[in-house]
There are 2 protein chains.
Amino acid sequence: MSLGDMTNLVRMRWEPDAVGRLQQAAFELFSELGYEDTTVAEIAARAGLTKRTFFRHFSDKREVLFGGSEQLTELLVTGILEAPESATPMQAASAGLDACSQMFTERHGFAAQRAELIASSPELQERELIKLASMKAAATSALVQRGVPETTAELVAETAQTVFQVGFNRWIAQDDPAAFSLLMSEALEDLREVTAL
Amino acid sequence: MSLGDMTNLVRMRWEPDAVGRLQQAAFELFSELGYEDTTVAEIAARAGLTKRTFFRHFSDKREVLFGGSEQLTELLVTGILEAPESATPMQAASAGLDACSQMFTERHGFAAQRAELIASSPELQERELIKLASMKAAATSALVQRGVPETTAELVAETAQTVFQVGFNRWIAQDDPAAFSLLMSEALEDLREVTAL
DNA sequence: TTTCGTGATGTCACTTGGTGTCATCACCCT
DNA sequence: AGGGTGATGACACCAAGTGACATCACGAAA
């Protein structure tokens, strides 16, 4: 089988990083022409590839915009699992969100652009929502792994998603990339106040 | 063609209720063959129509399963708006959920079947999620209409969605169709406990 | 009764997302 | 130099949607 493949200085065959080129081309074209008016063939052409190759790297047209979601899920899950044993379920979930803050802080501008693009297309919104749901499911099972009862875990994960959605919207609506964790905490605090009534 | 058809009040042209026939045919075929393995042409054929006519009544293949969502949204919104003026935002949102209980209670079996079908297909899950998001947006603006500040309204609507998702899952997992409102209340109570920690 | 307008449907051609299959080509290893 | 391997290209194909135009069933007016 393959032995001497990808060294870390990676010189892949042909032009390197087909995935990256496709993502870049797609982001540009979606921004220029709009999602619906961009064709997969156009994306592939700008990346110097063909339609068929696009679909070898991405399961569908939307997926090209959702590259980092697996890593983000992993950050979230490990953040939950590595929370102190004494932490309540909700505190563990918050730790999970905090563990994601670096990823977001480094890409404040990009995240905002991307969010705007997604907001412009129902198809992309649908995909975004199911990605969030998938992360919610991952968080649930991480909580269960911590010994939290299933029903509680589901509720906490659902609540964490609420906190994230509210906090994220506030985060991209302001200028400070580093405010991520703070805004998440504030969102949770506001949620407590609102449900208390 | 058939003249003595079944309508007792309204006599539509050709066979009556094309929309209903398409919904029925789609639900049957999705259950029999699965969503992905059912073709729009097949659905239309079973309803005695053509593919083109299907797309005149439904904007896409998924939409045929989401008929009642506008009415449900209206129930939710009027429930929120008609809550007593003294109600807190969260109480108003709960009143909105309560206003939906009749709709659900009457269709416990159907709702469960439908939920199972949706759970079987990512495409359908995406559509379900965006419908929920749309209802959340409607709830938000209803709350704003009540004088609730925008940020609070968003948070409350998001929280209400959490309550609904948890409560709904518990509702279809048990036998009593009438337990809807009760399960919603319990979900909110559980959420309070969990976030308090 | 005849005619006419209207709305729902059928027909057909077309674009695009997505897939299966096979050929090709660049690279690495022996 | 030759062989294996994995990424790509080429091509045919299916299904979701859409636009344009014809058609048909009705109700209403003449």
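A note on names: the letters A, B, ... follow the listed sequences, proteins ahead of strands, and every chain is numbered from 1. It should be emphasised that the depicted structure is a prediction, and the values quoted were computed from it without experimental measurement. FYI, side chains are in, hydrogens and waters are out, and symmetry mates aren't considered; it's all heavy atoms of this structure.
With rounding to whole Å, Arg56(B) atom CZ is found 17 Å from dA16(D) atom P. What separates CG of Asp37(A) from P of dG17(D) is a distance of 17 Å, to the nearest Å. Across the protein-nucleic acid pair, Leu33(B) atom CG and dA15(D) atom P stand 13 Å apart, rounded to whole Å.
Distances shorter than 4.0 Å separate none of the side-chain N or O atoms of Thr50(B) from OP1 or OP2 on dT9(C). Considering only side-chain N and O atoms, His57(A) lies nowhere under 4.0 angstrom from the phosphate OP1 or OP2 of dA7(D).
Applying the side-chain contact (heavy atoms from CB on, under 4.5 Å) test to Glu158(B) and every residue at least two apart in sequence or in another chain returns Thr162(A), Gln165(A), Val166(A), Lys136(B), Gln161(B). Listed by chain and number, the residues in a ring-ring contact (aromatic ring centres under 6.0 Å, His included) with Tyr35(B) are Phe30(B) (sequence neighbours excluded).
Clustering ILVMFWY residues whenever any of their side-chain heavy atoms sit less than 4.5 angstrom apart, transitively, puts Ile80(A) in a cluster other than the one holding Val77(A).
Side chains of Gln102(B) and Phe180(B) form no contact here, defined as non-hydrogen atoms less than 4.5 Å apart.
Ring geometry, Trp171(A) versus Phe104(A): the interplanar angle exceeds 60°, so the pair is classed perpendicular (tilted spans 30 to 60°). Taking the six-membered ring where the residue is Trp, Phe58(B) and Phe54(B) present tilted rings, their angle falling between 30° and 60°.
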Per-nt protein contacts along nucleotides 12-19 of chain C (heavy atom under 4.0 Å; B base, S backbone sugar-phosphate only, - none) come out as ----SBBB
